[in-house]
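To keep things clear, I will list the structure first and then write my remarks on it.
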Number of protein chains: 2
Amino acid sequence: MPRRNGTGPFWWRGRFKGCGYRLTIPRKAIVDVLDKANKHLSAEDIYLSAHKVYPAIGLTTIYRTLELLVQMGVVFKFASGDGRARYQLSAGPKAVKYHHQLVCTTCGRVIDYADFIDKEKELFSQTEKGLSEKYNFKILNRLVRFYGLCDECSQQRTVTSHKLQVTSHQSPERSKDC
Amino acid sequence: MPRRNGTGPFWWRGRFKGCGYRLTIPRKAIVDVLDKANKHLSAEDIYLSAHKVYPAIGLTTIYRTLELLVQMGVVFKFASGDGRARYQLSAGPKAVKYHHQLVCTTCGRVIDYADFIDKEKELFSQTEKGLSEKYNFKILNRLVRFYGLCDECSQQRTVTSHKLQVTSHQSPERSKDC
DNA sequence: TTGATAATGAAAACCATTATCAATATACAC
DNA sequence: GTGTATATTGATAATGGTTTTCATTATCAA
Ligand SMILES: [Mn+2]
Ligand SMILES: [Mn+2]
Ligand SMILES: [Zn+2]
Ligand SMILES: [Zn+2]
């Protein structure tokens, strides 16, 4: 007989009750989607998945419940480049407390990596410790984005730059930096 | 007689011309605002400032020019938590190529810090070098956000939790985590 | 089971950003 | 300088993710 608290499969039920919030079918469906997906999803992603198990659910409830979960500290919300926010569980057994990405500013490609290199863990461990003390700030999550040119895009700038040439005498061909 | 290229006060003029873009009054005004402010601004911030020196300017031109500058690699654009994008020069003598912030998930306060603790610069340098090689990715800018509780908000949760108590028998007082 | 009230969802509102398009400014040829 | 091709502008409308509104429904302690 499994325990239904702490880190068990229904750890989040206690969170709702403990906060004085009612445990409803839409809310169960939403947390369930986040728990099973175990990666960052947009509100619409969550809506589409939850809709399958509970077709009556509305997009409004998705947004409302997500905000609630963020306030409770159960979900981490962060902005992505495409104008839609992303949400992921940041509490419970499957919690992910960091997001590290390489973002190509030319094609928009996002490389979401978790296989940190040697120096990286040390870097953030030390940095977070220093910042916590210096600013008396309790760090719970982090988002790290390196912006630049992906493999393909940086090659294209040198290899296919001639494609950008224009015949008009009024438009001098754009250099490879434009 | 000062040079008007490279890192001089009008370094960005050559960028426009070199890319085949015309040098217009609205464009000058926009770059000038970014150059003088030397911190990240929203499109509206830029509009309001540029409007003072060139009242005929339209918000549309602000967005269009910013996108152009981003494509040219002169401006770095990143998402802030409030739904408005921020822009800052990332080329020229005043370029800023990184943004490090502490974001309070309770009150929304943002601490924008640049006074890096010891070792931080070196570790980022090494980390970026490692990532560049591993993913063959040319890193140009970075955004680092630590999310959590600011000084005030983490104190309030313990000190004033009694304020959250509700008299209704149906609403058990929210614990300090809600 | 009942009743107070928390939660829901359809619809409308909101708001930053984009697309349209007719008018204008720029820069090159002459 | 003048003329001409076209890049640029800005008012306006449209877009799309997110919030607000509000009448209806579901939850849960008693
Ligand atoms: Mn991620
Ligand atoms: Mn900054
Ligand atoms: Zn790319
Ligand atoms: Zn705070």
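Within every chain, numbering begins at 1; the chains are lettered A, B, ... in the order of the sequence lines, protein sequences first and strands thereafter.
- For the pair B:Arg86 CZ and C:dA16 P, the computed distance is 11 Å after rounding to whole Å.
- Each of B:Lys77 and A:Thr65 was assigned the nucleotide of DNA chain C with the nearest heavy atom; the assignment lying further toward the 5' end belongs to A:Thr65.
- Between B:Leu23 atom CG and C:dA27 atom C1' there is a gap of 12 Å when expressed in whole angstrom units.
- Inspection of the B:Glu67 and B:Gln71 side chains reveals no N or O donor paired with an N or O acceptor under 3.5 Å.
- Using a 4.0 Å heavy-atom cutoff across all strands shown, B:Arg27 reaches sugar-phosphate atoms only and no base atom.
- B:Asp115 has a carboxylate O that lies under 4.0 Å from a charged side-chain N of A:Lys134, or vice versa, which qualifies the two as a salt bridge.
- Rounded to a whole Å, the CZ atom of B:Arg22 is 13 Å from the P atom of D:dA5.
- The partner of D:dT2, taking Watson-Crick or G-U wobble pairs whose two distances both stay under 3.5 Å, is C:dA29.
- Rounded to whole Å, the distance from CG on B:Leu59 to C1' on D:dA11 is 12 Å.
- Atom CZ in B:Arg84 sits about 16 Å away from atom P in D:dT18, given to the nearest Å.
- Using a 4.0 Å heavy-atom cutoff across all strands shown, B:Thr60 reaches at least one base atom of the nucleic acid.
- Atom CG of residue B:Leu149 and atom CZ of residue A:Phe137 lie 7.0 Å apart, to the nearest 0.5 angstrom.
- Nucleic acid contact for B:Tyr54: sugar-phosphate only, since backbone atoms but no base atoms lie under 4.0 Å from a heavy atom of the residue.
- D:dG17 is paired with C:dC14 under the criterion used here, namely a Watson-Crick or G-U wobble arrangement in which both key atom distances are under 3.5 Å.
- Closest contact between the side chain of A:Ala43 and the listed nucleotides D:dT18, D:dT8, C:dA27 involves D:dT18.
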